[in-house]
Amino acid sequence: QVQLVESGGGLVQAGDSLRLSCAASGRTLSSHTMAWFRQAPGNEREFVAAARWDGYRTNYADYVKGRFTISRDNAKNTVYLQMDSLKPEDTAVYYCAAEQWGNGEKGNDDYTNWGQGTQVAVSS
């Protein structure tokens, strides 16, 4: 089991940038595929991005491709989500997820470990 704690959320204006962090403890991240999901009010939790454990695959949802970048620092046991050109529709609670030896899939059920989330609000 790995424990995940997200940070870095906040209130920004459209066009601004934010960087979210997800710090892991309990187990090393080097064997875990890491992902970000988000959930807006009234919506289901949806996939944002994933970085496979071996560093050979990243996966992005179409609605963030070209604007968001997922990265990981295994030495710090931390994964990041750099969010640029933010839009009001990016407003959501953002969740970090981890799956040992995962393949970077997009489904909620593909991940076993979840953080508590961090709120991102983008004003127009």
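Computed over heavy atoms, backbone and side chain alike; hydrogens, waters and symmetry mates excluded. Each residue takes its place number in the sequence, starting with 1.
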Undergrad: Kindly indicate, with the supporting measurements, whether the criterion side chain to side chain contact (heavy atoms under 4.5 Å, CB included) is fulfilled by Asn103 and Arg52.
TA: CA-CA 6 Å; Asn103 199 38; Arg52 203 167 72 178; 2.8 Å; yes

Undergrad: Which residue pairs pass the salt bridge (charged side-chain N to carboxylate O under 4.0 Å, His left out) test when at least one of the two sits in residues 104-124, sequence neighbours left out?
TA: Arg57-Glu105

Undergrad: Side chain to side chain contact (heavy atoms under 4.5 Å, CB included) for Leu4 and Trp114? Distances and angles first, verdict last.
TA: CA-CA 6 Å; Leu4 305 171; Trp114 292 87; 5.6 Å; no

Undergrad: Is there a side-chain contact between Arg72 and Thr78 (heavy atoms, below 4.5 Å)?
TA: no

Undergrad: Is it the case that the side chain of Glu6 and the backbone of Gln116 share a donor-acceptor pair, with hydrogens and angles ignored and the cut-off at 3.5 Å?
TA: yes

Undergrad: Determine, step by step, whether Asp84 and Ser17 satisfy the side chain to side chain donor-acceptor pair (under 3.5 Å) criterion, reporting the C-alpha distance in whole Å, the side-chain angles of both residues, the deciding distance to 0.1 Å, and the verdict.
TA: CA-CA 4 Å; Asp84 298 321; Ser17 298; 2.7 Å; yes

Undergrad: State, yes or no, whether a side-chain contact exists between Val122 and Asp16 at a heavy-atom distance under 4.5 Å.
TA: no

Undergrad: I'd like to know if the side chain of Asn59 and the backbone of Ala50 have a donor-acceptor N/O pair within less than 3.5 Å.
TA: no

Undergrad: Can you name the side chain to side chain donor-acceptor pair (under 3.5 Å) partners of Gln100, sequence neighbours left out?
TA: Ser31

Undergrad: For the residue pair Arg45 and Arg38, establish whether any side-chain heavy-atom pair is separated by less than 4.5 Å.
TA: no

Undergrad: State, with a plain yes or no, whether a side-chain heavy atom of Thr91 is found less than 4.5 Å away from one of Val120.
TA: no

Undergrad: Counting distance only, does the side-chain N/O of Asn74 pair as donor-acceptor with the main-chain N or O of Asn77 below 3.5 Å?
TA: no

Undergrad: Heavy-atom distance under 4.5 Å between the side chains of Cys96 and Met34, does that happen here?
TA: yes

Undergrad: Any ring-ring contact (aromatic ring centres under 6.0 Å, His included) involving residues 67-112? Give me the pairs, sequence neighbours left out, ordered by first then second residue.
TA: Phe37-Tyr111, Trp53-Trp101

Undergrad: Is there a donor-acceptor pair closer than 3.5 Å between any side-chain N or O of Gln119 and the backbone N or O of Ala92?
TA: yes

Undergrad: Would you find a donor on one side and an acceptor on the other, under 3.5 Å apart, between the side chain of Asp90 and the backbone of Met83?
TA: no

Undergrad: Should Leu86 and Leu18 be marked as a side chain to side chain contact (heavy atoms under 4.5 Å, CB included) after you check the CA-CA gap, both sets of side-chain angles, and the distance that decides it?
TA: CA-CA 8 Å; Leu86 282 162; Leu18 271 179; 4.1 Å; yes

Undergrad: Would you kindly confirm whether Val64 and Ile70 end up in one hydrophobic cluster when ILVMFWY residues are joined by side chain heavy atoms under 4.5 Å apart?
TA: yes

Undergrad: Looking at side-chain heavy atoms only, is the closest gap between Arg19 and Leu81 below 4.5 Å?
TA: no

Undergrad: When hydrophobic residues are tied together by side-chain contacts of less than 4.5 Å, even through go-betweens, does Val12 share a cluster with Leu20?
TA: yes

Undergrad: Sort out for me which residue in Thr33, Thr112, Asn113 forms a side chain to side chain donor-acceptor pair (under 3.5 Å) with Glu99.
TA: Thr112

